[in-house]
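Presented below is the structure to which this report refers.
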Amino acid sequence: MNTTRTLPGLALLCCLLGLPLVGQAQTEASLNLKDADIRTLVDTVSRVTGRNFVVDPRVKANVTVITSRPMEKEELYQVFLSILEVHGYAAVPVGEIIKIVPDANARQGPVPTVGDANPGSGDELVTRVLQIRHVPAAQLVPILRPLVPQQGHLAAYPATNVLVVSDRAANIDRLVAIVSRIDRSESEEIEVITLRHASAGEIVRIVNSLSQGEQQAQGAPGKPVLAADDRTNSILLSGDRPARLRIRGLIAHLDTPLEAYGGTQVIFLKHAKADEMVTVLQGTAKFQQQQQQQGQQARAAAAGQDVDIQADKTNNALIVTAPADMQRNIASVVRQLDIPRAQVLVEAVIAEVSTDLSRDLGVAWAVDGTQSDQQGPVAVSNVGGIAETALNVAAGNAAPPVGLLLGVGDLREGRTNWAVVLRALAGDAATNILSTPTLVTTDNEEAEIVVGQNVPFITGSYTTTGDTGSVNNPFQTIQRQDVGLSLRVTPQVNEGNKIKLAIEQEVSSIASSAASAADLITNKRLLRTTVTVEDGQILVLGGLIEDSFRDRQEKVPLLGDIPLLGRLFRYDTTQKVKQNLMVFIHPAIIKDSVEAGEYTNRKYDYLRARQLEAGIGQRGLIRDSKAVFPDLEELVTQLPPAEVLTPRGTGLNDLVTPLRTEP
């Protein structure tokens, strides 16, 4: 129904374009418009190029185009893209159609990403990733951003050193040409600078310390990089040419000959011991001298001179007399070795539970049937030594044994004498020991703690013989032996907070046995080992679980086998011993004074709590508050700050006559 209106307008447009009204294929076309609606232009370009367009409702404009000659299809399409760019619109391909939208919304759509092989052309809206090889991509953004329109996009990705640009293809080509002139390598060349007098490692350290304040990112392209080759005493230098020239001049100023002999230098140590450090440094200096005399970079002035290193124990200092370069090497070694060492708190737990049960029961008989004519039967059953013990006790030659010794008999004259002796003994001993020695020492330093008694043991006695007989001499030989607990440990703190411990643990005590003994018996538990433990880990070092049973029987043959009555002719001894012993270790690294204070307060508070729990102050006839431990802060003298020590009033300073100098 709009045909009458459309056909004249279409005829007029075809005349302006130089196109026939019939729909045959066109290879060339002229485009001359004046204040024509942009939608009409889109319709015409679609017919000529065969492309499908979707026009955003916001696309409205009147366009004017003047061409002097016919154009091919692609040429016409490029003119169309330029018209859109002039009026603030863009064409975004999406599959088989092309969307025409405002520039502000175009870059948020599926803009095609192109590369070097197919970069696009003209005013085509594309996205391109530019790989920057030699300069930081972030440094190019402030330079190129003014060349990108407001609707375009320019950003740098430092991780891969690339630029991401979204703009017209022609403008991106211009940016690529600019970047190619800027992105040039000035640091591909590596120089080797051989030093004559100075140390390569020391020069590199000085130059790197000077460049720490620069704002340039670490490792950025063009930044000068220095490396020292100690074997040839050379410096490898890379970077841009101006930076290399500047550093080369600085190295030339530093590589100047000094006096042949460096003189004497005093190095005060902060943590290490001077006498221990001397041995290490003398070996290092001797090796360096041998290397200098054999190497190509030896100094002729210092080759024949000795190095002398002495230790001053009073000031904990080193006196080094050596050439200047040797002094620098020695000072570098001292700086690396003179570091604070960690402290290690070692807690050992020795737990022992043991029981000792014994039972002795026996009967001995003695019969003497001899009369005045010394004739008659005689019999003795001395099982377990009961009869012998009874005779010695009766004669006063021995003390009564432990336990029950009961004798019954008839010892009247003119009759058959007989006696029966009963020996009974029951022993019960138990031990429950829990010891927790604690020791704090420095890394790689042996420490030992001993808590015990020095117990005397009788080793022998002597008698002398006089004119009137044998007389006992009270003189006895005694050997003293330490009995108690000792812990010897040497810790070594390794990487990852692992602690290597060389431990020697000994616990000795006087045995509390269920059986009688003629002398003292000592128990000894000794453990010597080397283990590796994590910081704060509890580890079992070793132990013993023992359960022993001993049964001994002495009897008269045949008679001792009679049921019930056989008990009168036997001596039975039974002993049962159980022992459980375990040793644990708990090391902890004390890194600073805060941790040291926490451990100290925790241990003291534990000790004070145990004392309060025992109620020491409430025992005995005298009630004394001093029997209770005070707080640790009250027990230790606290030193006030220096400003508090100013003399006030009458004090020690008032009693001392000050020395006055004459004017």
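Taking 4.5 Å as the limit, every side-chain heavy atom of Met582 sits out of range of all side-chain heavy atoms of Ile350. Contact check for Thr264 versus Ile319: side-chain heavy atoms found under the 4.5 Å cut-off. Residues Ile247 and Leu226 are in side-chain contact: their nearest non-hydrogen atoms beyond the backbone lie under 4.5 Å apart. Residues Arg335 and Val333 fail the side-chain proximity criterion, which asks for heavy atoms closer than 4.5 Å. Within the 4.5 Å cutoff, no side-chain heavy atoms of Val450 are placed close to those of Leu485. Side-chain contact between Glu546 and Leu581 is absent, with no heavy atoms from C-beta onward closer than 4.5 Å. The side-chain heavy atoms of Glu446 and Arg488, taken from C-beta on, include a pair separated by under 4.5 Å. Leu250 places a side-chain heavy atom less than 4.5 Å from the side chain of Val207.
By the neighbour-count criterion of 12 heavy atoms within 6.0 Å, atom CZ of Arg248 is densely surrounded, having more than that number from other residues, nucleotides or ligands. Heavy-atom neighbours of Lys273 NZ from other residues, nucleotides or ligands within 6.0 Å: at or below the threshold of 12. Counted within 6.0 Å of CG on Leu526, heavy atoms from surrounding residues, nucleotides or ligands total more than 12; the atom is thus considered enclosed. The neighbour count for Gln453 CD, taken as heavy atoms of other residues, nucleotides or ligands under 6.0 Å away, does not exceed 12.
With rounding to the nearest 0.5 angstrom, the CZ atom of Arg423 is 8.5 Å from the OG1 atom of Thr573. Within the model, atoms CD1 of Ile585 and CG of Leu527 stand 9.0 Å from one another, a figure rounded to the nearest 0.5 Å. To the nearest 0.5 Å, atom CD1 of residue Ile193 and atom CD1 of residue Ile251 are 4.0 Å apart. Note that CD of Gln492 and CG of Asn444 are 5.0 Å apart. Values are rounded to the nearest 0.5 Å. A distance of 11.0 Å separates CD in Gln575 from CG in Asp551, rounded to the nearest 0.5 Å. Taken from CD in Gln553 to CG in Leu361, the straight-line distance is 11.0 Å, to the nearest 0.5 Å.
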Show your working on side chain to side chain donor-acceptor pair (under 3.5 Å) between Asn329 and Ser332 and close with a plain yes or no.
CA-CA 5 Å; Asn329 295 336; Ser332 176; over 6 Å; no
Check the pair Asp312 / Gln310 against side chain to side chain donor-acceptor pair (under 3.5 Å), numbers first and verdict last.
CA-CA 7 Å; Asp312 181 11; Gln310 299 293 333; over 6 Å; no
Could you go through the side chain to side chain donor-acceptor pair (under 3.5 Å) check for Asp229 and Ser234 one step at a time?
CA-CA 5 Å; Asp229 181 16; Ser234 302; 5.3 Å; no
Dump the intermediate steps for side chain to side chain contact (heavy atoms under 4.5 Å, CB included) on Met277 and Leu318, then the final yes or no.
CA-CA 8 Å; Met277 186 77 73; Leu318 297 173; 3.8 Å; yes
With salt bridge (Lys or Arg N to Asp or Glu O under 4.0 Å) as the criterion, how do Lys603 and Glu347 come out once you've worked through the C-alpha distance, each side chain's angles and the decisive distance to 0.1 Å?
CA-CA 11 Å; Lys603 285 295 182 182; Glu347 294 178 301; 2.4 Å; yes
Run the numbers on Thr600 and Glu598 for side chain to side chain contact (heavy atoms under 4.5 Å, CB included), then give the verdict.
CA-CA 5 Å; Thr600 302; Glu598 290 179 357; over 6 Å; no
Is there a side chain to side chain contact (heavy atoms under 4.5 Å, CB included) between Val583 and Val540? Walk through the geometry before answering.
CA-CA 6 Å; Val583 180; Val540 57; over 6 Å; no
Go through the steps to decide whether Val440 and Val346 satisfy the test side chain to side chain contact (heavy atoms under 4.5 Å, CB included), and finish with yes or no.
CA-CA 6 Å; Val440 178; Val346 181; over 6 Å; no
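A donor-acceptor pair shorter than 3.5 Å cannot be found between the side chains of Ser508 and Thr522. Side-chain polar atoms of Asn580 and Glu352 form no donor-acceptor pair below 3.5 angstrom.
Checking side-chain atoms of Glu191 against main-chain N and O of Arg244 turns up no donor-acceptor pair under 3.5 Å. A donor-acceptor contact shorter than 3.5 Å is absent between the side chain of Glu613 and the backbone of Ala609. Remark: side-chain polar atoms of Asp255 are paired, donor with acceptor, to backbone N or O of Arg196 under 3.5 angstrom. In this structure, the side chain of Asn316 engages the main chain of Ala274 through a donor-acceptor pair within 3.5 Å. A donor-acceptor pair under 3.5 Å links the side-chain atoms of Asp592 to the main chain of Glu595, judged by distance alone. Remark: side-chain polar atoms of Asp428 are not paired, donor with acceptor, to backbone N or O of Leu357 under 3.5 angstrom. Arg341 contributes a side-chain N or O that, together with a main-chain N or O of Asp443, makes up a donor-acceptor pair within less than 3.5 Å. When atom types are taken as modelled, the side chain of Asn315 and the backbone of Ala317 share no donor-acceptor pair closer than 3.5 angstrom. Proximity of a side-chain donor or acceptor of Asp338 to a complementary backbone N or O of Ala272 within less than 3.5 Å is detected. Between the side chain of Asp535 and the backbone N or O of Ile589 there is at least one donor-acceptor pair closer than 3.5 Å.
Closest of all the heavy-atom pairs between Gln505 and Ala348 is OE1-CB, 3.8 Å. Between Asp360 and Thr574, the shortest heavy-atom contact is OD1-N, 4.4 Å. Between Ile309 and Val278, the shortest heavy-atom contact is O-CG1, 3.8 Å. Closest non-hydrogen pair, Ala588 versus Tyr599, comes out as CB-OH, 3.3 Å. Residues Ile499 and Pro491 share a closest heavy-atom pair of CG2-CB, 4.2 Å. Across every non-hydrogen atom of Ala200 and Leu195, the tightest pair is CA-CD1, 3.6 Å.
Seen from the ring of Tyr606, Arg610 counts as a face-on cation partner, given the 6.0 Å and 45° thresholds.
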